[in-house]
Amino acid sequence: MSLDALPGFREFYPAELAERNFIIGAWREVARRYAFAEYDGPPLEPLELYTKKSGDEIVGQLYSFTDKGGREVALRPEMTPTLARMVAAKANALRKPVRWFSIPQLFRYERKQRGRLREHFQLNVDIIGEADVTADAELLSVAIDIMRAFGLTSSDVRARVSDRGLLRGLLVLTGITDDMLPGVYAVVDKMDREPRASLETKLRAAGLHDVFIARVFEVLKHPDLATLRERYGDVPELREDFTRLSRYFEYLDALGVGDWVEFDLSIVRGLAYYTGIVFELFDAKRELRAICGGGRYDSLLKQLGGADLPALGFGMGDVVLGELLRARGRMPEWKPSVDVWVAYGDAALLDDAMRIARRLRDQGRAVEYASGGQQLSRQLKAADAAGAREVLVLQPADLERGEAVVRRLADGTETRVRLDEWIGGR
RNA sequence: GUGACCGUAGCUCAAUUGGUUAGAGCACCGGACUGUGGCUCCGGGGGUUGGGGGUUCAAUUCCCCUCGGUCACCCCA
């Protein structure tokens, strides 16, 4: 019988947990700088929370089961339904815009592969109750500033931005109707990854006639914003979209992140509920999966049975990000750390070592000492292995005078100190 | 869910066409070393060769099944 961890679930040894904490620490710090407040919800939710509403993408991969009370439940695969419920419950009482973030552990029942497990930690940052594009700029700025907090630059990571509103507007111009849009979006998402023939097949399956298919390809031939504006800027139905995007890029510049961002109409994002500007963060070398993705989902909260508030947000997982940080040398190497190792030259001094350890710990120092009666050389060796910065060496004769020797392990220098002063003054 | 490739110690690897008791480095523990760590030398623990079955006098090696891993697809956080 194998008692290994379940497939897709991680065990965090100290070195790995240090990495996870490093990532989560940076997430919290940047979110704090943007004045977002942290919240959390239950890791286990009623299955219905995820199956009832559309979100078909997720349903097939739910980590769900029947609990002992006969309830159909699921480990949370995403945070948004929980967030929607929490906001709805106090919608009128909350100051708008709501600026919240959370770092839930999320679960999916699917096959493990690179950058994708059955469990991960994901930063969720959301702004609720703000329809203006300023919020879109603010949101992307958070994501990019997190990259900067890790020491990554705009040549390590790129943000690609699109606008579902503009894309929809362009497609509607070609005569495509709203019921065809989901199928078209799915194809747009794969535009540069699949041959045209298979894309056409899928468009036909989505109910498009050949004449529409040709128009779709025509619209998407030039996905950059300048060309689009040149060709479609005068179309009245699209004027608002172009204005919104202009302001968006203007604000991103003002927030100091403009040079990380490029427009690409073919960015769609898989989730069907996005309604406006969407974005993804990628490593510039395109070796990894998306680091982060998000956008505006103005009608989702209402669909989820919550408040009718405009909203936008992004998710950023720890798995791909961790891979990127390691690959770019931005993940600090964990090493054990002890402030003071108390060593004793005579086994009879163990009690004294303990008393001194206690006083040092009261001062907030990380203190360790050897168990009974090891020879001094062994204690020093152990102190070194434990990553101790200083060793306090106790000897019977010194101790009688209230003194001890402090050895700095980095360079071996030793100082004779008065114990009370040395402990008390720290 | 589909397909391809790969499984030898905690890690990285070795083991002659199938041939003795499956080895080495690193790591870990201990000794040399009872007033001082890193270096060195010596020693130790640790393997059902992922598991099961088959072929054979003999299987880490060949075959089948299974489990696990990696990658891609699907999908996407």
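Letters go in sequence order (proteins before strands), and every chain restarts at 1. Basis for what follows: all heavy atoms, side chains included, without hydrogens, waters or symmetry-related copies. Not measured: the values here are computed from a predicted model.
- Partners of A:A311 according to the side chain to side chain contact (heavy atoms under 4.5 Å, CB included) rule, which considers only residues two or more places apart in sequence or in another chain, are A:I128, A:Y297, A:L301.
- Between A:L281 atom CG and B:C76 atom P there is a gap of 19 Å when expressed in whole angstrom units.
- Among residues two or more places apart in sequence or in another chain, the ring pair (Phe, Tyr, Trp, His ring centres under 6.0 Å) test is passed with A:Y34 by none.
- Between A:R160 and A:E262, no side-chain nitrogen of the basic residue sits less than 4.0 Å from a carboxylate oxygen of the acidic one, so the salt-bridge criterion is not met.
- Using a 4.0 Å heavy-atom cutoff across all strands shown, A:L376 reaches at least one base atom of the nucleic acid.
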Pairing string, 5' to 3', for RNA chain B - Watson-Crick or wobble contacts under 3.5 Å, brackets [ ] where pairs cross, | to another strand
(((((((..((((.....[...)))).(((((.......))))).....(((((..]....))))))))))))....

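- In this structure, the side chain of A:R76 engages the main chain of A:G41 through a donor-acceptor pair within 3.5 Å.
- Looking at residues two or more places apart in sequence or on another chain, you find a salt bridge (Lys or Arg N to Asp or Glu O under 4.0 Å) between A:R244 and A:D163, A:D241.
- Taking the P atoms as reference points, B:C57 lies 45 Å from B:C42, given to the whole Å.
- Checked against ring pair (Phe, Tyr, Trp, His ring centres under 6.0 Å), A:F217 has no partners two or more places apart in sequence or in another chain.
- The ring pair (Phe, Tyr, Trp, His ring centres under 6.0 Å) check on A:F263 picks up nothing, with sequence neighbours excluded.
- With rounding to whole Å, A:R118 atom CZ is found 13 Å from B:G69 atom C1'.
- At whole-Å resolution of the value, CD in A:Q395 and C1' in B:G35 are 5 Å apart.
- Judged purely by atom type and a 3.5 angstrom limit, A:E78 has no side-chain atom pairing as donor or acceptor with the backbone of A:L106.
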Show me the protein contacts with nucleotides 28-30 of chain B, counting only N or O atoms at under 3.5 Å.
{"residue": "B:G30", "atom": "OP2", "partner": "A:R378", "partner atom": "NH1", "Å": "3.3"}

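- B:C28 and B:C39 have their P atoms separated by 10 Å, given to the nearest Å.
- A:A149 is linked by a side chain to side chain contact (heavy atoms under 4.5 Å, CB included) to A:V30, A:R33, counting only residues two or more places apart in sequence or in another chain.
- Between the C1' atoms of B:G25 and B:A32, the separation comes to 22 Å (whole Å).
- Spacing between B:G10 and B:C29 at atom C1', rounded to whole Å, works out to 14 Å.
- By the side chain to side chain contact (heavy atoms under 4.5 Å, CB included) test, A:E110 pairs with A:Q61, A:R108, A:R116, sequence neighbours left out.
- Projected onto RNA chain B by closest heavy-atom contact, A:R116 and A:V405 fall at different nucleotides, the more 5' of which corresponds to A:V405.
- Remark: A:F249 engages no residue in a ring pair (Phe, Tyr, Trp, His ring centres under 6.0 Å) (not counting sequence neighbours).
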Pairwise N/O distances under 3.5 Å, protein to nucleotides 38-42 of chain B:
none

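- B:U17 sits 14 Å from B:A58 when the C1' atoms are compared, rounded to a whole Å.
- Nucleotides B:G3 and B:G50 have their P atoms positioned 24 Å apart, rounded to a whole Å.
- Separating the CG atom of A:L6 from the C1' atom of B:G68 is a distance of 13 Å, rounded to the nearest angstrom.
- The CG-P distance, from A:D346 to B:G35, rounds to 10 Å in whole Å.
- For A:Q375 and B:U36, a side-chain-to-base donor-acceptor distance below 3.5 Å is absent, hydrogens and geometry of angles not being considered.
- Remark: A:K202 pairs with A:V187, A:K190, A:E194 by the side chain to side chain contact (heavy atoms under 4.5 Å, CB included) rule, at least two apart or across chains.
- Contacts of A:L117 with the nucleic acid, taken as non-hydrogen atoms under 4.0 Å apart, include base atoms.
- Between B:C13 and B:G37, the distance separating the two C1' atoms is 31 Å to the nearest Å.
- Across the P atoms, B:C11 and B:U49 are found 16 Å apart, a figure rounded to whole Å.
- Here A:E110 lies in heavy-atom contact (under 4.0 Å) with a base.
- Atom CZ in A:F9 sits about 16 Å away from atom C1' in B:G68, given to the nearest Å.
- Formation of a donor-acceptor pair under 3.5 Å by the A:R330 side chain with backbone atoms of A:R326 is not found in this model.
- Computed from coordinates, the A:F282 CZ to B:C76 C1' distance equals 12 Å when rounded to whole Å.
- Taking atom CD of residue A:Q61 and atom P of nucleotide B:C73, one finds them 15 Å apart after rounding to whole Å.
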